[in-house]
Amino acid sequence: MKDIIYFTKEDGNNKLLFTSDNGNTNWRGAISELGLKRAEQRLGHKPTNIYMLVDGCEIKLI
């Protein structure tokens, strides 16, 4: 299975938030409250825009 990479774009840079295995976590579950808490811990603030990278395709979530 392929990994899904979740990241945010801030100050012109991509910042990794977390990854998930496509077989174990769907993208809706990953951006749930738990996923957003993990992202907030990594950044130090709540992310304002989240993207995911799947098979080389960048998709904006929020």
For this session: Might you work through the side chain to side chain contact (heavy atoms under 4.5 Å, CB included) test for Met52 and Ile5, ending with a clear yes or no?
Result: CA-CA 5 Å; Met52 66 183 210; Ile5 300 170; over 6 Å; no

Evaluate the side-chain proximity of [Y] to [X]: yes if any heavy-atom separation is below 4.5 Å, no if none is.
X     : Y     : value
Lys9  : Glu58 : yes
Lys60 : Tyr51 : yes
Leu43 : Leu17 : yes

Gap separating the [atom1] atom of [X] from the [atom2] atom of [Y], nearest 0.5 angstrom:
X     : Y     : atom1 : atom2 : value
Asn49 : Thr8  : CG    : OG1   : 4.0 Å
Phe7  : Leu61 : CZ    : CG    : 9.0 Å
Ile59 : Ile4  : CD1   : CD1   : 8.5 Å

For this session: Identify the heavy atoms of Leu16 and Tyr6 that sit nearest to each other, and give their distance.
Result: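 Taking Leu16 first and Tyr6 second, the nearest heavy atoms are CD1-O, 3.7 Å.
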
Problem set entry | Residues Phe18, Arg42; criterion side chain to side chain contact (heavy atoms under 4.5 Å, CB included); working and verdict | CA-CA 9 Å; Phe18 53 89; Arg42 184 168 288 249; 5.6 Å; no

